[in-house]
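Positions are given from 1 along the sequence. Excluded from the calculations below are hydrogen atoms, water molecules and symmetry mates; all remaining heavy atoms, backbone and side chain alike, are included.
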Amino acid sequence: MKQIVKILTLLLAVTAVWIGLLQTSTIPESYTWLLPLYLIVSLGCYGLLMVGVGLMNFPTCPQEALFLQQDIVEAREFLKKKGVDVGSD
């Protein structure tokens, strides 16, 4: 619940700043109307950047890969005992 309050507060603050910029003439009106679009594009770029950084820093787990291969072998053996064709390697 606390997170939603933070998000709504931030959204309200950004909206208040945007409306304030629309009513004053500090920024030309043609630019002010595009600010929400710029914000959305910026947040999208930030999200893509964070996904890219997360993928670059993704840890490799060789021990877990061995456990997964072992589980696959066990599952194939189990399915073969049940009469299921699992293919051949």
Side-chain angles (χ1 to χ4, degrees):
M1 186 65 179
K2 292 180 182 180
Q3 191 70 23
I4 191 74
V5 172
K6 288 179 186 178
I7 292 171
L8 290 175
T9 304
L10 181 64
L11 184 63
L12 182 66
V14 168
T15 304
V17 168
W18 182 56
I19 290 173
L21 288 173
L22 279 173
Q23 291 181 351
T24 62
S25 60
T26 56
I27 298 176
E29 190 173 329
S30 60
Y31 296 140
T32 308
W33 281 106
L34 292 175
L35 285 178
L37 180 63
Y38 292 150
L39 179 68
I40 291 170
V41 169
S42 298
L43 288 175
C45 290
Y46 175 75
L48 286 174
L49 177 72
M50 289 296 107
V51 167
V53 168
L55 286 175
M56 286 189 296
N57 294 331
F58 191 76
T60 56
C61 305
Q63 184 65 28
E64 294 298 322
L66 292 175
F67 288 146
L68 181 60
Q69 291 297 327
Q70 183 181 1
D71 287 344
I72 291 172
V73 169
E74 290 174 5
R76 283 187 176 169
E77 290 174 2
F78 176 77
L79 290 173
K80 282 182 183 177
K81 288 179 185 175
K82 296 290 184 178
V84 177
D85 182 24
V86 291
S88 61
D89 287 333

If you apply the rule side-chain contact (heavy atoms from CB on, under 4.5 Å), what do you find for V73 with Q69, and how did you get there?
CA-CA 6 Å; V73 169; Q69 291 297 327; 5.7 Å; no
Between I19 and L37, is there shared hydrophobic-cluster membership here, with clusters defined by ILVMFWY side-chain heavy atoms closer than 4.5 Å?
yes
Any heavy-atom pair between the side chains of L8 and L12 that's under 4.5 Å?
no
Residue of the set I40, L34, V41 for which side chain to side chain contact (heavy atoms under 4.5 Å, CB included) holds with Y38
L34
Side-chain heavy atoms nearer than 4.5 Å, only ILVMFWY residues, links allowed to pass through others: does that put L43 and V14 together?
yes
Grab the two heavy atoms, one from T15 and one from L11, that are nearest each other, plus how far apart they are.
OG1-O, 2.7 Å
